[in-house]
Amino acid sequence: MAADSLKKEPIARIAKRSDISRKKAWLIRAVAILLALVVCGVFIFILTKTNPLKVYLGMINGAVGTQRRIWNTLRDTMILLAVALAITPAFKMRFWNIGAEGQILVGGLATAAVMRYAGDALPSPVLFIVMIVTSIVAGLVWGIIPAYFKARYNTNETLFTLMMNYIATQLVACFSIVWEAVKGSGSIGTINQSTKAGWIPTSFLSGIFGNFNYSINVIIVLALTVIMAVYLKKTKHGYEISVVGESENTARYAGINVKKVILRTMALSGALCGFTGFLLVSGSSHTISVNTAGGRGFTAIVVSWLAKFNPYIMLAISFLLVFLDNGAVQIASQYGLNESASEVITGIILFFLIGCEFFINYRIIFRGKHEEA
C-alpha cells in the first residue's frame with residue numbers, strides 16, 4: 001500500500017520556503033554569479049578561442065580602466081539607480097509602473113525645451129530651478145494619468161503605462177524634427193553647445209576627482225537613495241504603501257484611503273522619473289532623442305525587484321549591471337565581436353541572477369522526502 005502511494009507521488013514538487021537566513025540567501029546569489037561567469041567563459045571561449053580570464057580582465061578595464069571610464073560607469077550607475085528609486089514605491093505598492101521610459105522622456109523633453117527657449121534669457125540659478133520644476137511636473141503628470149484611471153476605474157496599469165511610453169516616444173520624435181539641427185537629420189544635436197547654458201557642470205570638485213567627473217549627479221542620487229530608504233521604512237506614507245501592496249482590502253479595513261495612496265505614490269514615481277530625465281539631459285547627454293532613456297526604465301525593474309525594494313542594495317545591483325554592460329561592450333570591441341555578443345553575456349549573467357531568486361524563495365522536494373513539520 002505504501003509502495004502504491006509512493007508511485008502516485010510526483011518525482012519532485014515545489015514548496016515555498018517559510019524562512020531562509022540572509023547568509024544562505026547571499027550564498028545562493030554568489031553561487032549563481034560564479035555559475036554565470038563559468039557559462040559566459042565557455043561562450044567567450046567558443047567565440048574568441050581566448051582564455052576567459054583574460055577576457056574578464058578586459059571587462060574590468062572597459063568598465064573602470066581609466067578615469068573617464070570610471071566616471072562614465074558611475075554616471076550610468078547613478079542614472080539607473082535613480083530610475084530604480086523612482087519606480088520602487090509604485091512596485092512596492094504592487095502598481096506595475098512599466099511607464100518609466102515615457103516618464104523619463106517627457107521629463108527630458110521639458111528640460112530640453114527650457115534649455116532651448118530660456119537658456120540665454122534666464123540667470124543660471126533661475127534656469128536650473130525652472131528646468132527642475134518643469135521636468136518634475138512633466139513626469140508627475142505622465143505618472144498620475146494612469147494612476148487616476150487605476151484608482152477611479154480599476155484599469156490595467158501595466159498596459160496603460162506601457163502605452164504611455166509610445167506616446168512619449170512619439171512626442172520626442174516630433175520635437176526632434178521641429179528642433180532638428182540639420183534639415184532632414186531628425187536630430188537636434190547638442191543643446192547650447194557654445195554657451196553650455198543649462199548644463200550641469202562636470203568640473204565640480206575637479207580638484208579632488210579630476211576633470212572627467214559627474215560628481216553633482218552622484219551626490220544628488222546618493223542623497224535620493226538615503227531619502228527614499230527613510231521614506232519607505234520610517235514614514236507613514238511608506239507604511240501605507242506597504243499595506244496597500246500586501247492587500248488593498250486590508251488597507252481599506254485599516255482606514256487607509258487606497259485611491260489617495262495610489263495617486264500620491266504614482267505622482268512621486270513619475271516626478272522622480274521626470275527628474276531623472278533632467279539629470280540625463282542637463283547632466284550628461286545635453287540633448288534629447290527617443291533613445292535618451294536607453295531602456296533603463298525596464299532594467300530598473302530588475303534592479304528594484306532583485307534588491308527587494310531596498311535602496312541601498314539597489315546601489316550595488318545598479319553598479320553590477322552597469323559594470324557588466326560597459327565591460328561587455330569593451331570586450332566585444334576588443335575581440336571583434338558585435339554588440340549582440342556583449343548583450344548575450346550580460347543576458348546570461350542576468351538570467352542566473354534572476355533565476356537564483358527561485359531557489360531563495362522556493363525549494364524542490366523529491367519523492368520520498370517530506371517537509372519538516
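Because only heavy atoms are used, hydrogens play no part in the values below, and waters and symmetry mates are left out as well, while side chains stay in. Counting from 1, the numbers follow the sequence of the chain as shown.
A side chain to side chain donor-acceptor pair (under 3.5 Å) check over residues 120-141, counting only residues at least two apart or in different chains, returns nothing.
A distance-only check finds a donor-acceptor pair linking the side chain of Glu101 to the backbone of Gly295 [under 3.5 Å]. Judged by distance alone, the side chain of Thr155 and the main-chain N or O of Glu157 form no donor-acceptor pair under 3.5 Å. A donor-acceptor distance shorter than 3.5 angstrom exists from the side chain of Thr292 to the backbone of Ser289, with no hydrogens or angles considered. Proximity of a side-chain donor or acceptor of Asn156 to a complementary backbone N or O of Leu159 within less than 3.5 Å is detected. For Tyr56 (side chain) and Gly41 (main-chain N/O), a donor-acceptor pair under 3.5 Å exists by modelled atom type. A donor-acceptor distance shorter than 3.5 angstrom exists from the side chain of Ser285 to the backbone of Leu280, with no hydrogens or angles considered. No side-chain donor-acceptor contact under 3.5 Å links Asn326 to the backbone of Ala63. Side chain of Asn257 to main chain of Lys260: a donor-acceptor pair is present (N/O by atom type, distance under 3.5 Å, no hydrogens or angles). The main-chain N or O of Lys24 is found under 3.5 Å from a side-chain atom of Ser21 such that the two form a donor-acceptor pair.
A side-chain contact (heavy atoms from CB on, under 4.5 Å) with Ile104 holds for exactly one of Asn165, Leu109, Val83; it is Val83.
By the 4.5 Å heavy-atom criterion applied to side chains, Phe128 and Phe278 are counted as neighbours. Annotation: side chain of Leu171 is not in contact with side chain of Leu105 (no heavy-atom distance under 4.5 Å). Between Trp199 and Met115 the shortest side-chain heavy-atom distance falls below 4.5 Å.
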Kindly list each side-chain donor-acceptor pair under 3.5 angstrom involving residues 265-272, sequence neighbours excluded, with atom names and distances?
unit_1	atom_1	unit_2	atom_2	d
Thr265	OG1	Val261	O	2.7
Ser269	OG	Ala86	O	2.7
Ser269	OG	Asn97	ND2	3.2

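More than 12 heavy atoms of other residues, nucleotides or ligands sit less than 6.0 Å from atom OH of Tyr312.
We find that Glu246 and Arg94 are not joined by a salt bridge, their nearest charged nitrogen and carboxylate oxygen being 4.0 Å or further apart. Checked for salt-bridge contact, Lys259 and Glu248 miss the test: no charged N lies under 4.0 Å from a carboxylate O.
A donor atom on one side chain and an acceptor atom on the other are found under 3.5 Å apart for Thr88 and Ser304.
For Phe309 and Phe91, the ring centers are positioned 6.0 Å apart or more.
The cationic group of Lys49 lies under 6.0 Å from the six-membered ring centre of Phe45 and within 45° of the ring axis, placing it in a cation-pi geometry.
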